[in-house]
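Each ligand, and each atom within it, is numbered from 1 in the order the structure gives.
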Amino acid sequence: MSDENIQTYDVIVLGAGPVGENVADRTSAAGLRTVIVESELVGGECSYWACEPSKALLRPALLYGEAARFPGVAAAVTGSLDSVAVLKHRDRMSADWNDADQVGWLESAGIALVRGHGRLDGVRQVTVATPDGGTVRLRARHAVAVCTGTRAALPPLPGLDALRPWTSREATSAREVPRRLAVVGAGVVAVEMATAWRALGSEVVLIAREQRLLARVEPFAAELVADRLRAAGVDLRLGSGVVSAERAGGPDDGVHLSLTDGTRIVADELLFATGRAPRTDDIGLETVGLASGTWLTTDDSCTVTAVAGDWLYAVGDVNHRALLTHQGKYQARIAGRVIADRAAGRELDAAPWSPHAATADLRAVPQVVFTEPEIAAVGLTTEDAARAGRAVDVVDYDIGRVAGAIQHDPEYRGRARVLIDPERGVLVGATFAGAGVAELLHSATIAITGEIPVERLWHAVPSFPTISEVWLRLLETYRDQQSR
Ligand SMILES: Cc1cc2nc3c(=O)[nH]c(=O)nc-3n(C[C@H](O)[C@H](O)[C@H](O)COP(=O)(O)OP(=O)(O)OC[C@H]3O[C@@H](n4cnc5c(N)ncnc54)[C@H](O)[C@@H]3O)c2cc1C
Ligand SMILES: NC(=O)c1ccc[n+]([C@@H]2O[C@H](COP(=O)([O-])OP(=O)(O)OC[C@H]3O[C@@H](n4cnc5c(N)ncnc54)[C@H](O)[C@@H]3O)[C@@H](O)[C@H]2O)c1
């Protein structure tokens, strides 16, 4: 490659999803000349086909559910959701799949953008195939950060293409409400999309190979969601799988599914919500000695340790540490600092909770599942603790007995659980399931990351009457358990 055709920057970021944008923001703010490469839309999966559109579909569904049950309000909620208006709202929240605003932000932050498909091309080099058929060659003085995210992983079913299945992309961007929707999977995408499309009027069948929904959350929380989905009319087929599927063609054109229990289902659309695969199959990993198509393993500084020289970073979904926007952006802040400090010749501090270590990925990953009811969880679950052989004290409380929750909904159903490390007397996990608990979660995240002693939490007084009073009830329950 002749040198005059190469553009040199301090840092190259591959992929302009929320994580790539944040890496670039941090390195650019540190005075490093930064270029970002994007093959689709600046803003990534999150802005256009994941978090933003899915939450825009779910908010009306949850609002409607709460209002339709509330005394005095129920009488005012007599019709069904206006699906045309909801889909229009979703379009607006997805910026109509136009990234002009985010491109404007890159410009304002002094970050260069190259549009096209980027591939590593040896040490600190990236080649971009641009949409006009051209090639742009980039070289980095200090770092290349791979932030290429994930795509939907599909099961190995014969004749998959002819089925024209929905993935998370179609489930979040569809322009019409299908009359009948079959969802395969029991993870977050499956339950959130089943909730949203059922509220919009689809007849929904959810087919899961597990005997329960949401395998990674506390079973009591998953059970509350399963109950509400059933009450809303979703047909839950747990412990079941798809043996065969085909599109009929002709005027019906439905998808005909045979399940492992011998039953058959016909649906207009079939959503595979069956997990994610890393977008690393065509990014030139082999040119730096890595296997293509794999998740990129990093240390806590987000440096890819299998590549010598501390110049290659993998940040966000692609490193498989925590497939969440906020956690990827946290890693981006850490990685940006690491890149800037290494470039300036400053020592790194590898100790937990240092500015160079994404320690929260291991101790306190918060997540809200936007279902009815909401599930908000951070840190360990009881199953995690058992798997890790960690002794924990488990404290449960029925949120429906808290005055603030009764004000929120006289028929409030919900439950909270915290896990306490008995030796250190600090919280190591929390799960809340109930309406309006999403905004409660950060208090638990702070308690865990701050390692606040339970004795001190007694002095954090929740306002009356709020759902946060559940904190006080949990402390009282713990005190009573201890004195027995
Ligand atoms: C339906 C759904 C709902 C979700 N809801 C939530 C939620 O509510 N909250 C939450 O925290 N998380 C949610 N997530 C997860 C969240 O979307 C991801 O964690 C987040 O998008 C990861 O960000 P990222 O920047 O790592 O990757 P992405 O957002 O996937 O961005 C990667 C970018 O890299 C680009 N790219 C890939 N390869 C190349 C290449 N070779 N050259 C150039 N560019 C390339 C892509 O085009 C893309 O723009 C949801 C996911 C799904 C599927
Ligand atoms: N609110 C949020 O924070 C939010 C919302 C949506 C997605 N996400 C993130 O996106 C990620 C992906 O979510 P997801 O629900 O797609 O994945 P997941 O890994 O959570 O669940 C995948 C589901 O598909 C099933 N499955 C996998 N392969 C299958 C097969 N061959 N046949 C049948 N079933 C199969 C699994 O058993 C599981 O039930 C999650 O890690 C989550 O963190 C977050």
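Proximity annotation for atom 43 (C) of ligand 1: of Ser39, Cys46, Ala273, Ser39 comes nearest, heavy atoms only. Across Thr325, Val189, Thr150, Val368, heavy-atom proximity to atom 13 (O) of ligand 2 is greatest for Val189. For atom 4 (C) of ligand 2, the choice among Val184, Thr167, Val188 with the nearest heavy atom turns out to be Val188. Considering each of Gly43, Ala314, Gly118, the one bringing a non-hydrogen atom nearest atom 42 (N) of ligand 1 is Gly118. Residue Arg216 holds the heavy atom nearest to atom 18 (P) of ligand 2 of all those in Met193, Arg212, Arg216. Nearest residue to atom 12 (C) of ligand 2 from His326, Lys55, Arg276 is Arg276 (criterion: closest heavy atom).
Every atom of ligand 2 is numbered from 1 in the order shown, and the set under 4.0 Å from a heavy atom of Leu324 is 3 (O), 43 (O), 44 (C). Those atoms of ligand 1 with a heavy atom of Pro18 less than 4.0 angstrom away are 23 (O), 25 (O), 29 (O). Those atoms of ligand 1 that come under 4.0 Å of a heavy atom in Val19, given as number and element, are 23 (O), 24 (P), 25 (O), 26 (O). Near Thr150, meaning under 4.0 Å from one of its heavy atoms, ligand 1 places the atoms 30 (O). For ligand 2, the atoms lying closer than 4.0 Å to a non-hydrogen atom of Glu210 are 36 (C), 37 (O), 38 (C), 39 (O). Proximity to Gln367 (heavy-atom distance under 4.0 Å) selects the following atoms of ligand 2: 2 (C), 3 (O), 4 (C), 42 (C), 43 (O), 44 (C). Each of the atoms 5 (N), 6 (C), 7 (C), 8 (O) of ligand 1 lies under 4.0 Å from some heavy atom of Lys55. Those atoms of ligand 1 that come under 4.0 Å of a heavy atom in Leu41, given as number and element, are 49 (O). Heavy-atom proximity to Gly116, at under 4.0 Å, picks out these atoms of ligand 1: 42 (N), 43 (C). Those atoms of ligand 1 with a heavy atom of Gly316 less than 4.0 angstrom away are 26 (O). Less than 4.0 angstrom separates some heavy atom of Ala186 from each of these atoms of ligand 2: 23 (C), 38 (C), 39 (O). The atoms of ligand 1 that sit less than 4.0 Å from any heavy atom of Cys147 are 32 (C), 33 (C), 34 (O). Near Gly187, with a cut-off below 4.0 Å to any heavy atom, the atoms of ligand 2 are 15 (O), 20 (O), 21 (O), 23 (C), 39 (O).
Ser28 places a side-chain N or O within donor-acceptor distance of the main-chain N or O of Ala109, the cut-off being under 3.5 Å. Under the 3.5 Å distance criterion, the side-chain polar atoms of Thr449 are matched with a main-chain donor or acceptor of Thr445. A donor-acceptor contact shorter than 3.5 Å is absent between the side chain of Gln367 and the backbone of Ala377. Not one N or O on the side chain of Ser39 forms a donor-acceptor pair closer than 3.5 Å with the backbone of His117. Between the side chain of Asp82 and the backbone N or O of Ala85, at least one donor-acceptor pair lies under 3.5 Å.
Residue, atom and distance of the protein heavy atom nearest to atom 27 (O) of ligand 1 are Gly149 CA, 3.3 Å. Atom 11 (O) of ligand 1 has its closest protein heavy atom at Thr325 N, 2.9 Å. Of the protein's heavy atoms, Ala50 CB, 3.8 Å lies nearest to atom 50 (C) of ligand 1. Protein heavy atom in closest approach to atom 29 (O) of ligand 1: Glu45 N, 3.1 Å. When hydrogens are left out, the protein atom nearest atom 39 (C) of ligand 1 is Thr148 CG2, 3.6 Å; that is the closest non-hydrogen contact. With respect to atom 10 (O) of ligand 2, the closest heavy atom belonging to the protein is Leu323 O, 4.1 Å. With hydrogens left out, the protein atom closest to atom 4 (C) of ligand 1 is Cys51 N, 3.6 Å, a heavy atom. Among all protein heavy atoms, the one lying closest to atom 31 (N) of ligand 2 is Pro155 CB, 3.3 Å. Counting protein heavy atoms only, atom 17 (O) of ligand 2 is closest to Gly275 CA, 3.4 Å. Closest to atom 30 (C) of ligand 2 among all protein heavy atoms lies Arg209 NH1, 3.5 Å.
Residues Val128 and Arg115 share a closest heavy-atom pair of CG1-O, 4.0 Å. Of all non-hydrogen atoms in Val288 and Val123, the two that sit nearest each other are CG1-N, 4.3 Å.
Under the 4.5 Å side-chain criterion, counting only non-hydrogen atoms from C-beta, Val37 is not in contact with Val13. With contacts defined as side-chain heavy-atom distances shorter than 4.5 Å, the pair Arg342/Leu348 qualifies. Between Asp10 and Thr34 the shortest side-chain heavy-atom distance does not fall below 4.5 Å. With a 4.5 Å cut-off on side-chain heavy atoms, His320 and Arg276 do not count as touching. Residues Tyr48 and Thr172 fail the side-chain proximity criterion, which asks for heavy atoms closer than 4.5 Å. Val378 is not listed as a side-chain neighbour of Leu427, based on a closest heavy-atom distance of 4.5 Å or more. Residues Thr167 and Glu170 meet the side-chain proximity criterion, which asks for heavy atoms closer than 4.5 Å. The shortest distance between side-chain heavy atoms of Pro178 and Trp166 falls below 4.5 Å.
The CD1 atom of Ile265 lies 6.5 Å from the CG atom of Asp235; values are rounded to the nearest 0.5 Å.
Remark: Glu383 engages Arg212 in a salt bridge, criterion side-chain N to carboxylate O under 4.0 Å. Of the charged side-chain nitrogens involved, none lies within less than 4.0 Å of a carboxylate oxygen, so that Asp281 and Arg279 do not count as a salt-bridged pair.
Every heavy atom of Gln367 sits 4.0 Å or more from the atoms of ligand 1. Distances from ligand 2 to the non-hydrogen atoms of Ala273 include at least one value under 4.0 Å. For Ile283, the closest heavy-atom approach to ligand 1 falls below 4.0 Å.
Checking only distances, Glu38 does come within under 3.5 Å of ligand 1, N or O to N or O. Polar contact check, His326 against ligand 1: a nitrogen or oxygen pair lies under 3.5 Å apart. Distances between N or O atoms of Thr172 and those of ligand 1 include no value under 3.5 Å. Of the polar atoms of Ser168, none of the N or O atoms is found under 3.5 Å from an N or O of ligand 1, judged by distance alone.
Here Leu14 has side-chain heavy atoms under 4.0 Å from ligand 1, and that is the only part of it that gets that close. Looking at Arg279 against ligand 1, only its side chain comes within 4.0 Å, counting heavy atoms.
His326 pairs by the side-chain hydrogen bond (donor to acceptor under 3.5 Å, both in side chains) definition with nothing, not counting sequence neighbours.
A 6.0 Å sphere centred on CG of Asp101 holds no more than 12 heavy atoms belonging to other residues, nucleotides or ligands.
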List the steps, then state whether side-chain hydrogen bond (donor to acceptor under 3.5 Å, both in side chains) holds for Glu45 with Thr150. CA-CA 8 Å; Glu45 208 69 16; Thr150 60; over 6 Å; no
